Amino acid sequence: MISFLSKLTGPQNDGMKRILGIFVLLMMVYVVTAIINPNFLGSYNQENLIRRTSLFGILGVGVAFVIITRGIDLSLGSVVCLVGVGVPWLIIDQGWPVPVVILIALGLPAVIGFCHGLLITKLKLQPFIVTLCGLLMYRGITRGFTGDQTAGFGTELKGLRWFATGEIPLRIGLDIPVPAVILMIIAILAGIFLNRTIYGRYMLALGNNEEAAKFSGINTDRMIILAYVISSGLAGLAGLLFVLDVNLAQPVDFGNFYELYAIAAAVLGGCSLRGGTGTILGVIIGTALLQVLRNMMNMAFLGFQRAEFAVIGAVILSGVIADELAKRAVARKRAAQKQK
Amino acid sequence: MGKSFPGVRALKDVDLHIRKGEVLALLGENGAGKSTLMKILSGVQPRDEGDILIEGENVAIRGVQDALEHGISLIHQELNMATNLSVGANIFLGREPKKRGLIDETTIFTDSKAYLNRVGLDVDPQTVVGDLPIGRQQLVEIAKALSVKARILIMDEPTSSLSQNETNTLFQVIKDLSSRGVSIIYISHRLGEVEELADRVTVLRDGENAGDLLHSKINHDAMVRLMVGRDISQFYARTIHEPGNGVLEVRNLRTPEHPEHELNFSLKAGEIVGMAGLVGAGRTELLGTLFGVTPAVNGEITVCGEATAPQSPEEAIKAGIALVPEDRKQQGLILEMTVRENLGLASLKQESPKGLFLNDSREGEITQKIIQKMSVKTPSDRQVVQYLSGGNQQKVALGKWLAMEPKVLLLDEPTRGIDVGAKQEIYGLMEDLAKRGIAILFVSSEIEEVLGMSDRTLVMHEGRITGELSRDELNEESIMQLATDNPNAA
Amino acid sequence: MKVSYNLCLISALAAFTFGLASCGGGSSGGHKATYAFVSNGVDPFWTIAESGVKAAAADLGVHADVLMPAAGAVEQKSMLEDLLTRGTTGIAVSPIDSANQTDFLNMVAENTILITQDSDAPDSNRLVYIGMDNYDAGRACGALVKEALPEGGSVMILVGRMEQDNARRRRQGVIDEVLGRSHDPTRFDAPGSPVVGEDFTILGTLTDQFDRAKAKANAEDTLARNPDISAMVGLFAYNPPLILEALEQAGKLNEVKVIAFDEADRTLQGIIDGTIHGTVVQNPYMYGYKSIEVLKAIHEGRDHGAGDDGFINIDARQIRKDNVEEFWADLKKKLGKE
């Protein structure tokens with residue numbers, strides 16, 4: 001198991017330690033919530049948590065690639081909105097055939113990511129600016145073409161909605177939500193890509209030092225563009241699944257702030273905004289932690305629901321602080337050993 | 001004036017004395033303890049045991065501020081200046097004179113001017129530091145040290161990025177300062193400079209005093225003997241042998257930095273060609289163009305008969321050209337990654353079965369082979385590169401090309417800032433690679449190195465190749481003449 | 001350099017202030033009167049109101065704009081400021097955060113005719129409030145809860161946010177009616193802790209700040225926390241459909257009663273299907289229509305028909321299975337859908 005995990009996480013420094021640290025934090029939140037409200041551990045709630053983690057996790061995995069290449073993608077929430085609102089709007093309101101719409105929903109975000117990548121590598125624009133403009137544009141476009149109207153499937157398309165709301169029965173008293181299977185497939189592919197292929201190695205290398213990577217003969221531009229394609233593409237998939245799950249999407253606020261949840265999860269999971277480090281498993285556990293925290297506020301601290309964001313912010317901050325302190329302790333130890 | 005501190009842990013009972021107005025050269029291989037010693041003196045790092053005495057008085061140095069107050073000033077190897085601020089602002093950084101709560105620009109201007117005069121630097125204090133050549137920046141640092149009334153000036157590898165002219169100016173300033181009673185501790189790997197400059201030499205080895213040499217006894221061999229603890233009869237490994245067929249042919253090449261000049265030269269298999277010139281002569285830029293970093297404006301580059309016009313390092317590498325850049329920390333290595341990952345990076349694709357997946361066992365094999373061949377000193381191939389010494393880092397930066405067998409190897413200042421032992425190993429490697437038929441072009445600002453290693457030498461001046469010297473014609477004067485493009489110079 | 005910049009700024013400010021004064025104050029003379037209807041967000045509810053505004057504008061021969069702020073109170077504020085700058089004759093607004101907007105609303109009221117609709121700002125100088133009494137509407141909703149659960153039970157309330165006066169009163173009305181308390185709109189129960197009565201327990205109130213995914217998660221978490229819950233009340237238009245989604249996925253449709261507010265399509269369909277017991281609807285069409293009518297009357301100095309408290313009541317209605325189809329057909333007609 002451990003060797004399998006390390007294959008997925010790769011031989012990156014401190015990667016496993018980080019994952020272990022955040023996993024312990026997740027378990028602590030689990031234990032505390034379960035003690036306060038035993039229903040927390042019920043299969044219904046656990047299935048809900050798994051489904052939410054899976055949906056947000058897809059976003060997190062996507063943005064992790066961009067963060068690893070020392071970029072940032074602020075447009076994710078708006079891509080979620082574009083796809084989440086656009087799909088029911090095209091299918092229900094405009095009557096387009098479902099396969100065509102699904103194709104657009106998965107293809108268009110990839111094109112968006114490709115454009116982001118081109119602007120960032122060829123025109124040398126800063127990722128923050130490019131994707132910030134994306135954040136504004138895609139939501140604005142969505143509001144424009146729908147006339148700000150809520151879009152939803154109503155009682156139709158039950159078959160397609162299975163991908164978001166369906167469950168695969170297991171004999172262990174816990175059914176596996178379909179999105180979890182989708183995330184699992186994505187995570188394994190992403191893990192293999194990042195740690196077992198040369199392109200993953202290229203991304204890690206250029207995230208650490210783009211110039212040196214270029215001097216080693218790596219086509220860094222192509223890798224950066226690829227990272228943005230992955231990020232936007234997965235955001236599109238997540239947007240599709242979100243709307244299939246929630247069943248109605250409002251152009252004004254669908255997917256609002258989701259880019260920040262995704263970035264927070266990636267950072268919690270060990271991606272450094274300085275680039276070059278990050279593990280897929282860490283990102284997924286980071287996402288789970290965020291979702292469990294939100295659930296915890298409802299399950300155990302109902303009176304403090306308003307403080308939810310404060311709690312999430314505090315947990316992320318303490319996680320990052322703890323990590324930094326641990327790193328310093330290691331560095332001190334190393335320095336001490338060197339002196340001997 | 002004396003100074004001693006027995007018993008620091010990275011250092012074992014090191015004694016160091018310096019007299020007023022003396023130029024003391026501190027020598028030692030990397031890791032011998034020079035840097036630690038200097039950090040303690042300048043207050044960057046606390047000492048564990050021992051005393052520091054200035055004019056007989058025991059002083060406690062707990063921080064950089066204490067050191068400055070006692071007149072000890074360190075000029076770091078990599079200059080520590082705010083390159084976006086003016087010369088004057090840098091000299092008074094953190095101690096800005098104030099008038100009515102605002103910075104007093106007039107005083108800064110006049111006082112800076114005075115200090116700049118003392119180091120013989122004629123620049124307007126309002127010039128932005130980043131616009132000055134590196135040699136002048138160095139002089140600004142010295143002016144800054146003078147402005148804090150430094151009595152002891154520690155200079156760590158001050159000439160590593162200076163041209164010969166700039167070095168000469170710096171030496172004049174140092175001699176002038178010492179005649180005014182400033183004591184100077186001079187750390188350098190360049191033994192020629194030490195011979196010229198130092199009144200006395202103290203050599204450290206493995207954190208201990210290896211010995212002192214007085215003025216009359218300072219010579220190259222004696223210093224090397226003390227540093228490495230053994231005799232080095234043949235420092236440069238070069239053996240003369242016949243070059244093979246032409247490998248690299250450059251015709252009418254115009255680089256983006258100096259498009260007004262056309263460059264022509266060629267390299268043969270097994271040949272080591274040195275490239276001399278002052279800093280800013282356009283040598284690094286030429287290598288950059290050959291390697292596709294800054295693609296050529298026009299001209300022909302032919303590798304083994306095949307024309308190529310590399311638009312990126314990727315294309316240059318495909319054509320068989322490899323570069324070990326001057327700035328190894330920024331361009332040559334990915335410091336945060338392991339030895340293994342760095343060594344494998346350039347050849348990943350070629351070693352990957354379907355051009356997609358990593359081949360772990362093959363990577364391990366290649367890595368081990370290179371580590372052994374280059375005797376890289378690392379605890380394991382999973383060691384992160386930034387924890388290696390400078391010399392071993394350079395071996396990794398060079399080693400990553402060995403797995404892919406380049407036809408042309410470009411080296412930019414291959415031994416900059418590394419110790420004598422590692423230098424010698426790098427020279428040995430260059431020799432080995434040449435024997436295997438690789439054509440090597442190396443840029444160096446150390447004349448000694450060019451003299452010792454090249455079969456043939458190209459000299460550049462302001463973006464132009466001003467001449468080519470065969471081994472017979474090669475000497476310090478002939479290089480300097482071409483490098484300054486002054487046929488009448490001595 | 002600096003001085004001249006400051007001068008520029010001052011003169012620009014002066015020009016702005018002057019323009020504001022001249023446009024706002026002098027609106028009665030000269031050009032045609034224009035009215036604005038400002039919502040508190042973007043929602044189908046407001047689309048119905050918009051059709052009311054348009055109908056009134058056509059009937060009365062005036063110009064009326066409908067503005068919907070998407071980004072909360074900050075955007076609503078800048079929308080109102082822009083309206084003043086443009087010289088709008090009268091504004092009907094649904095304040096997002098009435099308690100904290102009082103000063104600002106008073107500033108608006110000084111410069112133009114200001115009335116409130118849907119949600120009131122009782123402490124401000126607005127001239128008229130058109131809406132329903134949300135407390136009464138809440139009690140009507142509470143009555144539906146008691147109807148659905150004659151034996152009593154446990155109830156969770158789900159709402160977008162509690163900062164709005166209408167949401168607060170609506171919720172309190174539900175609680176007071178369900179627990180059989182006296183009529184007192186000023187009462188306030190903390191949202192986090194359960195309120196226990198004889199037959200009913202109000203488990204709590206969950207807010208989602210308009211995040212739909214969060215709203216659904218709130219419904220799911222409620223089911224996880226209280227597997228044997230009797231009913232859920234969704235107080236904002238999108239809440240009931242999301243409650244249905246959660247129930248459907250949990251396989252608890254019909255098992256847990258749903259009492260709704262407003263008239264989302266899915267809500268009305270739920271009433272027809274029997275998965276929702278009933279809903280309380282406002283009359284947003286009339287909010288829109290009446291707002292323009294009243295603004296025009298005030299502008300022309302005629303009687304606007306409100307009492308001393310400036311309140312014009314538009315009654316809320318209870319919709320159950322028996323009257324849902326008739327209501328829905330009428331709604332579609334007003335929206336021009338059929």
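Residue numbers start from 1 in every chain, and the chains themselves are labelled A, B, ... in the order their sequence lines are given, proteins ahead of strands. Worth knowing before you read on, the calculation uses all heavy atoms, side chains too, and leaves out hydrogens, waters and symmetry mates. Being a predicted model, the structure only gives us computed values, none of them experimental.
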Could you list the donor-acceptor pairs under 3.5 angstrom formed between side-chain atoms of residues 186-194 of chain A and any protein atom two or more places apart in sequence or on another chain?
none

Atom group of B:F291 that falls short of 4.5 Å from chain A, counting heavy atoms: side chain
Residue selection (most heavy-atom pairs with chain A, distance under 4.5 Å) from B:L356, B:N359, B:L345: B:L356
Approximate separation, where rounding is to 0.5 Å, of A:Y199 OH and B:L358 CG: 11.0 Å
Identify all side-chain donor-acceptor contacts of residues 259-267 of chain A below 3.5 Å with residues at least two apart in sequence or on another chain.
from: A:E259; atom 1: OE1; to: A:G77; atom 2: N; distance (Å): 2.8
from: A:Y261; atom 1: OH; to: A:R294; atom 2: NH2; distance (Å): 3.4

Spacing of A:Y202 atom OH and B:L348 atom CG [to the nearest 0.5 Å]: 5.0 Å
Interchain contact, B:K400 with chain A, by part (heavy-atom threshold 4.5 Å): side chain
Crowding at CD, B:Q386 (>12 non-hydrogen neighbours, <6.0 Å): yes
Within 6.0 Å of CD in B:E306, more than 12 heavy atoms from elsewhere: no
Qualifying side-chain hydrogen bond (donor to acceptor under 3.5 Å, both in side chains) pairs, either residue in residues 105-115 of chain A, two or more places apart: none
Proximity of residues 310-325 of chain B to chain A, residues having a non-hydrogen atom under 4.5 angstrom: B:P313, B:E314, B:I317, B:L323, B:P325
Exam field: side chain A:N209 to backbone B:Q330, donor-acceptor pair closer than 3.5 Å: yes
Spacing of CG belonging to A:L206 relative to CD1 belonging to B:I334, to within rounding of 0.5 Å: 8.0 Å
Which atom of B:Q331 lies closest to which atom of A:F215, heavy atoms considered: O-CB, 3.4 Å
Ion pair B:K329/A:E211, N-O distance below 4.0 Å: no
Inter-residue atom distance B:E336.CD - A:L204.CG, 0.5 Å rounding: 11.5 Å
